[in-house]
Undergrad: 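Mind looking over this structure? Questions follow.
So you know, we letter chains A, B, ... as the sequences are listed, proteins then strands, and number each from 1. The structure presented is a predicted model; accordingly, all values stated were derived computationally and were not measured.
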Amino acid sequence: MTLNGIAQIIFYIGVLTLLTKPLGAFMARVYNREKTFLDPILGPLERYIYRVAKINPDEEMDWKGNALAMLIFNFIGFLAVYALQRMQQFFPLNPQSFAAVSSDSSFNTAVSFASNTNWQGYGGETTMSYLTQMLGLTVQNFVSAATGMAILALFIRGIARHSAKTLGNFWVDMTRSILYVLLPLSFIFSLVLVSQGVIQNNSAYVTVQFLQQTTDTSGAKISEQVIAMGPVASQIAIKQLGTNGGGFFNTNSAHPFENPTPLTDFLEMLAILLIPAALCYTFGKIVKDTRQGWAIFSAMMLILVVALFSMYGVESSANSKYAALHIDQQSTSINPGGNMEGKEIRFGIPNSSIWATVTTAASNGSVNSMHDSYTPLGGMITLIMLHLGEVVFGGVGSGLYGMLVFIIIAVFVAGLLVGRTPEYLGHKIEAYEMKMASILILIMPITVLVLTALAVVTTDGKAGIFNPGPHGFSEILYVFTSQANNNGSAFAGASVNTPFYNLTGGLAMLIGRYWLAVPTLALAGSLVRKKLVPAGEGTLPTHTPLFIFWLIAVVLIVGALNFLPALALGPIVEHFMMVQ
Amino acid sequence: MTMDDILYLGIAVVFFIATWGLLKVCDLLAEHKQGENL
């Protein structure tokens, strides 16, 4: 590790923390339907949308009404993206004349973008027309992110209110998330990206002549290259801000047209965690106790900081296998040292490590380096961040409501351990809440482990493994962990654009998104009906350092109980093989 | 539209119906606790 690298991590954390309060306070006004500085511009548009869609913004729904609205809306989104891919050859904005996407890949991609996963079994620049990218994928980037934010807004109201029946209106929360948060931020961010060299056009691909002839991997001489074009900046802005992660190009944010400069690299990393971090403060504002929001922020940040420095540490360390090959691993002004395999030289180890940690902490999934080439321990850190259930900031909305479920578990277990009343912000935590919380923490690991087991014992599953042994197991584990957590990043060492992986992965993404969203809303529906229990002598304070560490312990223990055996079969044994 | 399209769209329809079933189960469980802890 170098001082420069450490300084970059600290700078990143500092800027993120500084932006949390202003953006969080703004979003609290958005969800409380209070006046904002954007009202004069967006207010008329918002009212027009409600009028056209025949939505009464003042009419609230209970949890079931909101859940049904969310499911129907997302199902329509899935159908639209599926149809666009299957019929893209008939539509305009297809200068490369791409054919229809295969049915299994269309299914996987439609599920992926509707569920905010953005797993990509395809290469964007060799598969999708511009219309599919813009009208299908980019639109879903907005609405899937807004879906997560709307569910969170409903959940927060479930905690903030007492003796009520309704949580709010899903349509209003979703509309306001897009209009007041995602669109303005994406618009500004797109312009910044364009100013740095991210392309935005609808041109046909460009063929350029090499200055010097070269050969490809088969030995054939090549003298020209096709440079892919497209409306990239508009997709990249929302892909980061909405924790979507789906790249325009196959190499994602390692591609110079997606991420051309050190400034874009920093801003894109910042954009990944910006909204999830700010939502912690939003939570505190809406429940009228900002200490609660900062407590959650602190718990998430502490886990993230440990992961960031651990990642940077292991990737900077010398590799005994490289030493045997006489590779210079000494860190100097012209040599980064450590493990540079799979990393862009222009980003180096610090920025690759930050990105890999941040993208797996959030359910973002974009990459600027190849996780498959990380050291076994580095790869394990990305897996751990996913295995914790995407609650270390996590996806926009989904990360925080996931952490709030862990808080309910933490409060309940603490109550059992020390005889405190299990209650959270004036709500008594009882059997129903614990049933829902149990469903919520068990669905993801069951999905991941069952599908991984299926893949490693079936011919179709094993056909996708390029690296036999523990590394191949890690690749398969990562495939399903990423999809079931709606992350979307890939270890990138397995061939997964096959009917088997497209179908099983699609199911993992559906379960990971909607079978968690429904019990989450049910939990909110239960909490909102409860009478206010005033804080008393027996109430466990949930804003203290003690509770923050307790919450972290609960998150880590649940993650370890679910996944430690699987990690032992993959990255842990691979590490010992490496140092042997 | 091919047979594969029908298969994959059918899978999605079945999944969303199953999710609606999960919603009903959560609701049923909630009804059982009526009057206990409100």
Undergrad: Is there a side-chain contact (heavy atoms from CB on, under 4.5 Å) between L9(B) and L79(A)? Walk through the geometry before answering.
TA: CA-CA 8 Å; L9(B) 291 173; L79(A) 289 178; 3.7 Å; yes
Undergrad: Is it the backbone or the side chain of I511(A) that comes under 4.5 Å from a heavy atom of chain B, or both, or neither?
TA: both
Undergrad: Would you please classify the geometry between the F16(B) ring and the Y514(A) ring as parallel, tilted or perpendicular, with 30° and 60° separating the classes?
TA: tilted
Undergrad: Side chains of D5(B) and Y82(A): any donor to acceptor distance under 3.5 Å?
TA: yes
Undergrad: Select one option (side chain, backbone, both, neither) describing which atoms of N502(A) are under 4.5 Å from chain B's heavy atoms.
TA: neither
Undergrad: Where do A30(B) and Y432(A) come nearest, in terms of heavy atoms and distance?
TA: N-CE1, 3.3 Å
Undergrad: Does any backbone or side-chain atom of Y8(B) lie under 4.5 Å from a heavy atom of chain A? Answer side chain, backbone, both or neither.
TA: both
Undergrad: Over all heavy atoms of both residues, which pair between L503(A) and I11(B) is shortest? Give the atoms and the distance, please.
TA: CD1-CD1, 3.5 Å
Undergrad: About how many Å separate CD1 of I443(A) and CG of L22(B), when rounded to the nearest 0.5 Å?
TA: 6.0 Å
Undergrad: With a 4.5 Å cut-off on side-chain heavy atoms, are V518(A) and W20(B) touching?
TA: no
Undergrad: Show the nearest heavy-atom pair for residues A522(A) and C26(B), with the distance to one decimal.
TA: CB-CB, 3.8 Å
Undergrad: Below 4.5 Å from any heavy atom of chain B, which atoms of F107(A) appear? Answer side chain, backbone, both or neither.
TA: side chain
Undergrad: Checking heavy atoms, do the side chain of V13(B), its backbone, both or neither come under 4.5 Å from chain A?
TA: both
Undergrad: Using 0.5 Å steps for rounding, measure from the NZ atom of K24(B) to the NZ atom of K64(A).
TA: 6.0 Å
Undergrad: Kindly compute the distance separating NZ (K435(A)) from CG (L29(B)), expressed to the nearest 0.5 Å.
TA: 5.5 Å
Undergrad: Does L68(A) reach the side chain of L23(B), with side-chain heavy atoms less than 4.5 Å apart?
TA: yes
